[in-house]
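Here the structure is laid out as structure tokens; the discussion comes afterwards.
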Amino acid sequence: MDYQKLAEMLFPQITKTPEDYEKMYPLRNLPEGAKVTRLGPSPTGFMHLGNLYGAFADERLAHQSGGVFYLRIEDTDDKRYVEGAVETIIHSLDFFGIHFDEGASMDGDKGAYGDYTQSHRGPIYQCFVKKLVSEGKAYPCFLTEEEIGKIREQQEAEKKTPGIYGAYAVCRNWTIEQIQEAIDAGKPYVIRLKSDGHPAEEGADGNMHGRRVCVKDAIRGTLDMPENFMDTVILKQTGIPTYHFAHVVDDHLMRTTHVVRGAEWLPSLPIHVELFDKLGFELPTYCHTAQLMKIGEDGNKRKLSKRKDPELSLDYYRSQGYHPAAVREYLLTILNSNYEEWRMANPDADIDEFAFTTEKMSNSGALFDLNKLNDVSKDTLLRIPATELAEWLHSWSQEFAPEYEYVFRDMDLLTQILDLGREDRKPRKDLIYARQIMTFIGYFFDESFEIEDEYPEEAAADRKNILQAYLDSYDHNDDQENWFNKIREIAVDQGYAAKPKDYKKNPEEYKGHVGHVSTVIRIALMGRSQSPDVWMIQQIMGENKVRARIEAELNR
Ligand code: GLU
């Protein structure tokens with residue numbers, strides 16, 4: 001068979017050669033050891049935690065080594081395309097501080113290795129498919145869906161692996177005349193890889209025997225897998241490649257050194273190895289990341305699910321207002337097993353000083369835990385100055401929760417509120433994420449203030465007497481000590497123990513203790529029985545608001 005002639009027959013419009021593209025996209029001029037990584041999301045409109053998890057690994061590997069991190073839009077599956085999805089991808093990654101050096105961007109492509117959108121690269125893929133056809137390594141296949149279905153039925157009956165390979169690949173050995181005839185008859189066709197592999201066979205020892213491929217994965221170590229033997233589709237009827245072919249051609253021409261992608265691609269790795277080999281390209285370093293898991297309702301590990309777990313979507317973190325630094329900090333704890341130890345030893349170091357490695361990445365399931373994220377977030381927010389946090393909350397609210405506009409009317413006030421209790425020896429860790437913070441500090445604002453908790457049983461009946469006495473003796477200029485001494489006096493006057501331990505010793509002698517009395521005051525002022533230091537809060541609220549709140553409770 002004259003494969004060259006076949007290639008010309010199938011791709012007359014392709015005049016460029018692979019060498020032309022090799023010249024157009026030369027090896028990158030980067031320092032020794034610099035890594036080139038990419039993120040290749042599909043524009044489905046849904047960005048999930050797995051994307052971000054991989055993106056952090058990509059970003060660190062590239063930027064830690066003086067390399068390049070680029071964005072490629074993988075839209076070869078047009079059924080999944082959602083309008084505006086590219087903007088969503090760029091925006092949501094930007095929110096988490098993931099910035100690309102190169103690739104698709106809001107203002108078009110940046111960089112010399114584009115086009116960075118797969119659907120725009122048809123002629124490039126076709127050029128390399130043409131090369132494979134011209135070397136007898138790929139062929140047109142005219143099997144219809146129906147015929148493929150019949151083959152599958154036959155294979156099921158014979159207990160054979162389903163698929164198009166070996167004797168089932170009926171178009172594999174068609175003559176050029178047969179092909180010409182089918183094309184003239186207008187029959188649609190795909191291009192398939194002509195695989196050199198063979199299915200494993202059962203030997204006399206009862207074991208399966210077959211050739212294997214070994215790949216060194218940077219996360220998983222050596223992978224030893226059965227070789228590919230499928231005549232996999234590389235170019236669809238539309239002239240658009242499948243993921244397999246696009247991956248191989250793009251990562252070669254864009255000079256990717258490290259392919260970080262999800263474990264769901266492991267089963268097709270042997271196909272990719274065969275394609276790299278047939279095209280004469282060097283294999284990149286694969287880094288197959290672990291599946292993100294969580295502990296399910298039944299206490300067992302399970303995969304995060306789009307339907308059940310809102311926290312799988314990146315939108316969740318943005319709309320709840322998790323600070324990107326907190327998410328980043330948390331993701332690093334699940335990305336690298338030695339990160340937490342490093343953070344403990346270097347509490348104030350910039351996160352980018354941590355030496356990220358693929359070897360410390362988990363290869364079983366990476367366990368995702370919202371409670372742990374919340375804990376990490378509390379610590380992270382403590383490290384952000386209150387003025388900066390206030391500004392950040394403001395921009396979050398403008399985008400996601402404009403109903404909290406009143407919180408930002410007085411930015412100095414907000415800064416003081418956010419700073420409450422942070423300087424203590426054991427700093428308060430009340431602040432977790434923006435939506436929670438809005439609720440947590442809600443009592444400062446008349447718009448959101450309400451009495452949420454019950455008055456303590458011990459003092460409920462006396463609450464008006466207590467509040468009246470408090471109002472009468474209130475002096476906004478009292479220091480913390482004087483202020484508390486007055487509360488103690490009120491307590492004693494009303495029949496409460498001055499110290500909790502006196503009450504505990506002789507409960508029959510008192511109605512309660514000073515703590516019950518101060519809780520009455522706390523609830524009147526804040527609506528809650530738990531809060532940061534009352535004296536501090538009063539100083540921030542100002543005298544008028546303190547008096548107004550007590551009066552309102554007296555009149556209720
Ligand atoms: N487009 C692929 C996906 O959405 C990317 C896989 C890869 O990074 O190679 O999963």
Side-chain angles (χ1 to χ4, degrees), residues 35-62 67-82 85-86 88-90 92-93 98 100 102-104 113-121 124-125 215 217-220 223 228 232-234 236 240-276 279 281-292 303-306 312-314 335 358 361 363 366:
K35 297 181 172 75
V36 179
T37 60
R38 85 296 193 270
L39 192 73
S42 300
T44 59
F46 182 72
M47 284 297 278
H48 55 82
L49 205 57
N51 294 123
L52 189 64
Y53 180 84
F56 271 126
D58 278 317
E59 190 274 340
R60 280 296 77 211
L61 292 179
V68 175
F69 174 38
Y70 70 89
L71 175 65
R72 182 169 72 219
I73 303 301
E74 306 215 328
D75 58 348
T76 55
D77 190 351
D78 46 352
K79 283 191 232 70
R80 299 171 66 201
Y81 182 81
V82 170
V86 175
T88 308
I89 292 171
I90 294 173
S92 54
L93 291 170
I98 297 283
F100 298 95
E102 185 181 306
Y113 289 80
D115 196 297
Y116 296 93
T117 300
Q118 288 184 330
S119 63
H120 302 168
R121 298 171 61 79
I124 304 180
Y125 303 120
V215 177
D217 184 286
I219 298 174
R220 293 162 188 263
L223 301 168
N228 173 56
T232 308
V233 174
I234 54 177
K236 301 185 239 185
I240 296 290
T242 52
Y243 166 79
H244 311 303
F245 199 72
H247 151 52
V248 173
V249 169
D250 288 350
D251 283 319
H252 171 70
L253 289 181
M254 297 180 185
R255 312 295 175 184
T256 309
T257 63
H258 287 64
V259 170
V260 179
R261 64 182 183 186
E264 68 274 20
W265 296 107
L266 276 172
S268 36
L269 184 54
I271 302 174
H272 306 152
V273 172
E274 188 171 5
L275 282 171
F276 270 99
L279 285 163
F281 299 160
E282 200 184 316
L283 212 60
T285 301
Y286 283 103
C287 313
H288 287 96
T289 57
Q291 286 275 7
L292 287 179
K303 272 196 255 173
L304 281 160
S305 115
K306 195 166 164 179
L312 182 61
S313 163
L314 289 193
L335 272 162
T358 46
M361 285 178 79
N363 57 16

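Just so you know, ligand 1 is whichever comes first in the structure, and atom 1 is the first atom listed for that ligand.
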Short list, please: which atoms of ligand 1 are under 4.0 Å from a heavy atom of [X]?
| X | value |
| --- | --- |
| E74 | 1 (N), 2 (C), 5 (C) |
| Y243 | 6 (C), 7 (C), 9 (O) |
| S42 | 1 (N), 4 (O) |

Any nitrogen or oxygen of G40, main chain or side chain, under 3.5 Å from a nitrogen or oxygen of ligand 1? yes
Would you check the N or O atoms of R38, main chain and side chain alike, for any that come under 3.5 Å of an N or O of ligand 1?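 Between R38 and ligand 1 (N or O atoms, distance only) the closest approach is under 3.5 Å.
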With side chains defined as the heavy atoms from C-beta onward, is the minimum distance between E102 and L71 less than 4.5 Å?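 Counting from C-beta outward, E102 and L71 never come under 4.5 Å.
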Determine whether Y113 and L253 make a side-chain contact, defined as any pair of heavy atoms from C-beta on separated by less than 4.5 Å.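 With C-beta onward as the side chain, the pair stays apart.
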May I ask you to decide if the ring planes of F276 and Y286 are parallel, tilted or perpendicular, using 30° and 60° as cut-offs?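 Perpendicular.
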Using 30° and 60° as the class limits, which term best fits the ring planes of H247 and H272: parallel, tilted or perpendicular? perpendicular
Closer than 4.0 angstrom, basic N to acidic O: yes or no for R121 and D250?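 D250 and R121: salt-bridged.
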